[in-house]
Amino acid sequence: MAHGSRYKLAFKRRREGKTDYRARLNLIGLDKSRLVVRITNQHTIAQIINVKVNGDETVVSAHSNELKNMGWLGSGKNTSAAYLTGFLLGKKALKAGITAAVLDIGLKSSTKGARIFAALKGAVDAGLKVPHGDVILPQENRIRGEHVAAYAESLSDEEVEKKFSQYIKNGLSPKDLPDHFDSIKQKIEDGV
């Protein structure tokens, strides 16, 4: 490790690669609520966060486990789940009186059609105002899972059971994913 009178040690979260303080400072300077989307190995988490003097305050939160409580049988981290989590967050935010936010993707790279932007599209479709460009959002057929259903149609029954074992274990045929997506979206629309 470097040493000397002129060496400045970076903050711990910067050294660990957890926080980009320059980007965070720019977001905080906007004085707006942040739409924070994080995708873990199993789940999608979306939050509306306000900056306070004593630390950040989470105002509204949505988790992909809430989708499972509504009957979602798919993965908690795929594009469809990310969209539905964002949609649920958007509905909760509007109910809490929050109408606008700024997207915070953290250290993730900005890739066209990424799951983070599926969550953004869900929040925007729910009625939340978030500045964005439509070019970066995923296509509607990918959000609904039509590509998964088409791929499952092209496989034999043995291959479907092998490649989609988790879906089948949960009681969902991958061919029925678009219809299942629509039913859960309608439940969110009616229930929140």
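Keep in mind that the numbers below use all heavy atoms, side chains included, and drop hydrogens, waters and symmetry copies.
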Response to the item:
Residues at least two apart in sequence or cross-chain that pass ring pair (Phe, Tyr, Trp, His ring centres under 6.0 Å) with Phe117, listed by chain then number, are none
Discussion item. Please find the pair of heavy atoms, one from Arg115 and one from Thr79, that lie closest to each other, and give the distance.
Written reply: CG-OG1, 3.7 Å
Practice prompt. Compare every heavy atom of Leu177 with every heavy atom of Gly145, then report the nearest pair and how far apart it is.
Written response: CA-CD2, 3.8 Å
Item to complete: For residues Ala123 and Leu35, report the shortest heavy-atom separation together with the two atoms involved.
Response: CB-CD2, 4.1 Å
Practice prompt. State which residues pass side-chain contact (heavy atoms from CB on, under 4.5 Å) with Gln166; sequence neighbours excluded, sorted by chain then number.
Written response: Lys169, Asn170
Worksheet item: Any side-chain heavy-atom pair from Val37 and Leu120 closer than 4.5 angstrom?
Response: no
Discussion item. Nearest 0.5 Å, please: how far is NZ in Lys121 from CZ in Arg142?
Written reply: 14.5 Å
Worksheet item: Distance from Leu172 atom CG to Ser75 atom OG, nearest 0.5 Å?
Response: 11.0 Å
Worksheet item: Restricting to pairs with a member in residues 41-66, which pass ring-ring contact (aromatic ring centres under 6.0 Å, His included), not counting sequence neighbours?
Response: His43-His63
Item to complete: Would you please name every residue forming a side-chain hydrogen bond (donor to acceptor under 3.5 Å, both in side chains) with Ser156, sequence neighbours left out?
Response: Glu158, Glu159
Worksheet entry | Ser61 versus Glu66, closest heavy-atom pair with distance | O-OE2, 3.8 Å
Practice prompt. Name all residues meeting the side-chain contact (heavy atoms from CB on, under 4.5 Å) criterion together with Ser165; count only those two or more places apart in sequence or in a different chain, and write none if there are none.
Written response: none
Discussion item. Looking at Lys32, I'd like to know if its NZ atom is crowded, meaning that more than 12 non-hydrogen atoms belonging to other residues, nucleotides or ligands lie closer than 6.0 Å.
Written reply: no
Item to complete: Look at the side-chain heavy atoms of Ile, Leu, Val, Met, Phe, Trp and Tyr, link any pair under 4.5 Å apart, and say whether Tyr167 and Trp72 land in one connected group.
Response: yes
Worksheet item: Which atom pair, heavy atoms only, marks the closest approach of Ile188 to Leu84?
Response: CD1-O, 3.8 Å
Worksheet item: Any idea how Tyr83 and Phe181 line up, ring-wise: parallel (<30°), tilted (30 to 60°), or perpendicular (>60°)?
Response: tilted
Worksheet item: Does the Lys91 side chain pair with the main chain of Glu189, one donor and one acceptor, at a distance under 3.5 Å?
Response: no
Discussion item. So, taking the atom named OG1 in Thr44 and the one named NZ in Lys77, what distance separates them when rounded to the nearest 0.5 Å?
Written reply: 9.5 Å
Please tabulate, one pair per line, all N/O donor-acceptor pairs under 3.5 Å involving side-chain atoms of residues 98-111, not counting sequence neighbours.
from, atom 1, to, atom 2, distance (Å)
Asp104, OD1, Gly106, N, 3.0
Asp104, OD2, Arg34, NH1, 2.7

Fill in: Leu73 CG to Ser173 OG distance, which is reported to the nearest 0.5 Å
11.0 Å
Fill in: Residues which pass side-chain hydrogen bond (donor to acceptor under 3.5 Å, both in side chains) with Asp176, listed by chain and number, not counting sequence neighbours
none
Item to complete: Check side-chain hydrogen bond (donor to acceptor under 3.5 Å, both in side chains) between Glu16 and all other residues, then give those that pass, not counting sequence neighbours.
Response: Lys18
Worksheet entry | Pairwise distance CD1(Ile39) to CD1(Ile116) - rounded to 0.5 angstrom | 5.0 Å
Discussion item. Under 4.5 Å between side-chain heavy atoms, counting indirect links through other Ile/Leu/Val/Met/Phe/Trp/Tyr residues: same cluster for Met70 and Ile143 or not?
Written reply: yes
Fill in: Partners meeting salt bridge (charged side-chain N to carboxylate O under 4.0 Å, His left out) with Lys52 (sequence neighbours left out)
Glu57
Discussion item. Taking Ile49's backbone N and O only, do any of them form a donor-acceptor pair with Thr58's side chain (distance below 3.5 Å, no angle check)?
Written reply: no
Worksheet entry | Closest non-hydrogen atom pair, Lys92 against Ala62 | NZ-CA, 4.3 Å
Discussion item. Is any side-chain heavy atom of Pro174 closer than 4.5 Å to one of Tyr151?
Written reply: no
Worksheet item: Should we say atom CZ of Arg38 is surrounded by more than 12 heavy atoms from elsewhere, each under 6.0 Å from it?
Response: yes
Worksheet item: Is a donor on one side and an acceptor on the other found under 3.5 Å between the side chain of Arg15 and the backbone of Ala10?
Response: yes
Item to complete: Measure the CG-CD1 distance between Leu89 and Ile48 for me, rounded to the nearest 0.5 Å.
Response: 4.5 Å
Discussion item. Are the side chains of Phe164 and Val148 in contact, using a 4.5 Å heavy-atom criterion?
Written reply: yes
Distance-only criterion, 3.5 Å: show the donor-acceptor pairs between side-chain atoms of residues 127-141 and protein atoms not counting sequence neighbours.
from, atom 1, to, atom 2, distance (Å)
His132, ND1, Val130, O, 2.7
His132, NE2, Asp134, OD1, 3.3

Discussion item. For Asn54, give me all partners under side-chain contact (heavy atoms from CB on, under 4.5 Å), at least two apart in sequence or on another chain.
Written reply: none
Worksheet item: Looking at residues at least two apart in the chain, or sitting in another chain, which of them share a side-chain hydrogen bond (donor to acceptor under 3.5 Å, both in side chains) with Arg144?
Response: Glu146, Asp182
Item to complete: Following the transitive rule for hydrophobic clusters with a side-chain heavy-atom cut-off under 4.5 Å over Ile, Leu, Val, Met, Phe, Trp and Tyr, establish whether Leu88 and Ile184 coincide in one cluster.
Response: yes
